[in-house]
Amino acid sequence: MGPQPAAAYVLHAFARTAVSQVSRDQPTPGFTQNRGARHYPDFLKPKDQIVLLSDIAAVVRAAPSFQPTMPRTGKPFSVAMTNCGPLGWVSDTKGYRYQAQHPRTGQPWPALPKRLMDIWRAVAGSASEPEACLINFYSATAKMGSHQDRDEADFSAPVVSISLGDTAKFHVGGPKRTDPKTRYELCSGDVFVLGGEARLAFHGIDRIHAGTSALALEEIELGCRRINLTLRRVTAG
DNA sequence: GAGTAACA
DNA sequence: TACC
């Protein structure tokens, strides 16, 4: 069996009325940009975060979290995931790909919640509508190794990432794995956009700062401390 | 190499 | 950095 499904976590988190904001080194108006990588701190207010969690709860009810594995080796990822939208990103021993059905239930992915479409429209400029939202569930010890998002047919649209729960140490490099990295702390409610020059930048999650958000503190026993939503355009359009 | 383990 |  894989890790605990994240559904219970999401449902309980929604029931809470408070999402604490972590103190920051610097209050940042608007966003900061570095070669197409844009960081929007506090893009979602606490109330927006809670309402978005209700959307995620509905998604997970229809599409339970699953444990992806590495191509070839079959080694499991430390994160659990699910998807919503017409297409979902999956990984197993056969490789990385987008597909229209949940790998375990065989059902189509749930629709993209309107609130996610609204976030996309607010930060993705003139790009076509997103087709996939990958939802990653991070435990206190989960990480995401440095990688590129390159399984899409269309790189003209940006990748839009939304953070909920505990703060994560995030890095963004360049199109080569060895390019120098910039590090960010991604807090609950932050939005991060990889577009333009940064669309194919290597990026990853180095660590989770467990206990930095009341959202995640409620569900220590289930192990999920952070949720990341990644919106993507997959097909040319 | 969207993984881990071992290393200095 | 090595692994398979």
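Order of the sequence lines fixes the chain letters, A, B, ..., with proteins taken first and strands second; residue numbering starts at 1 for each chain. Just so you know, these numbers use all the heavy atoms, side chains as well, and skip hydrogens, waters and symmetry mates.
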Query raised in the report: How about A:Ser146 and A:His171: does a side-chain donor come under 3.5 Å of a side-chain acceptor?
Result: yes
Report task. Please work out if A:Ser146 contacts a base, only the sugar-phosphate, or nothing of the nucleic acid, heavy-atom cut-off 4.0 Å. Result -> sugar-phosphate
Query raised in the report: Separation of A:Met81 atom CE from B:dG3 atom C1', in whole Å?
Result: 12 Å
Requested in this report: Classify the nucleic acid contact of A:Asn136 as base, sugar-phosphate or nothing, counting any heavy atom under 4.0 Å across all strands shown.
Outcome: nothing
Query raised in the report: Any chance the side chains of A:His39 and A:Gln33 put a donor and an acceptor closer than 3.5 Å?
Result: no
Query - Donor-acceptor pair between A:Asn228 and A:Ser161 side chains, under 3.5 angstrom - result: yes
Query raised in the report: What's the CE-P distance between A:Met144 and B:dG3, to the nearest Å?
Result: 6 Å
Requested in this report: Please report, rounded to the nearest Å, how far the C1' atom of B:dG3 is from the CD1 atom of A:Ile205.
Outcome: 16 Å
Query raised in the report: B:dG3 C1' sits how many Å from A:Gln148 CD, rounded?
Result: 17 Å
Query raised in the report: Within the side chain of A:Thr82, is there an N or O that forms a donor-acceptor pair under 3.5 Å with the backbone of A:Ser65?
Result: no
Query - Distance, rounded to the nearest Å, where A:Asp92 contributes CG and B:dG1 contributes C1' - result: 16 Å
Query raised in the report: Can you check the A:Arg72 CZ to B:dT4 C1' distance for me, whole Å?
Result: 17 Å
Query raised in the report: Can you check the A:Met70 CE to B:dA5 P distance for me, whole Å?
Result: 13 Å
**Report entry** B:dT4: pairing nucleotide in any strand, Watson-Crick or G-U under 3.5 angstrom
**Finding:** C:dA2
Query raised in the report: Between atom NZ in A:Lys75 and atom P in C:dC3, what is the gap in whole Å?
Result: 12 Å
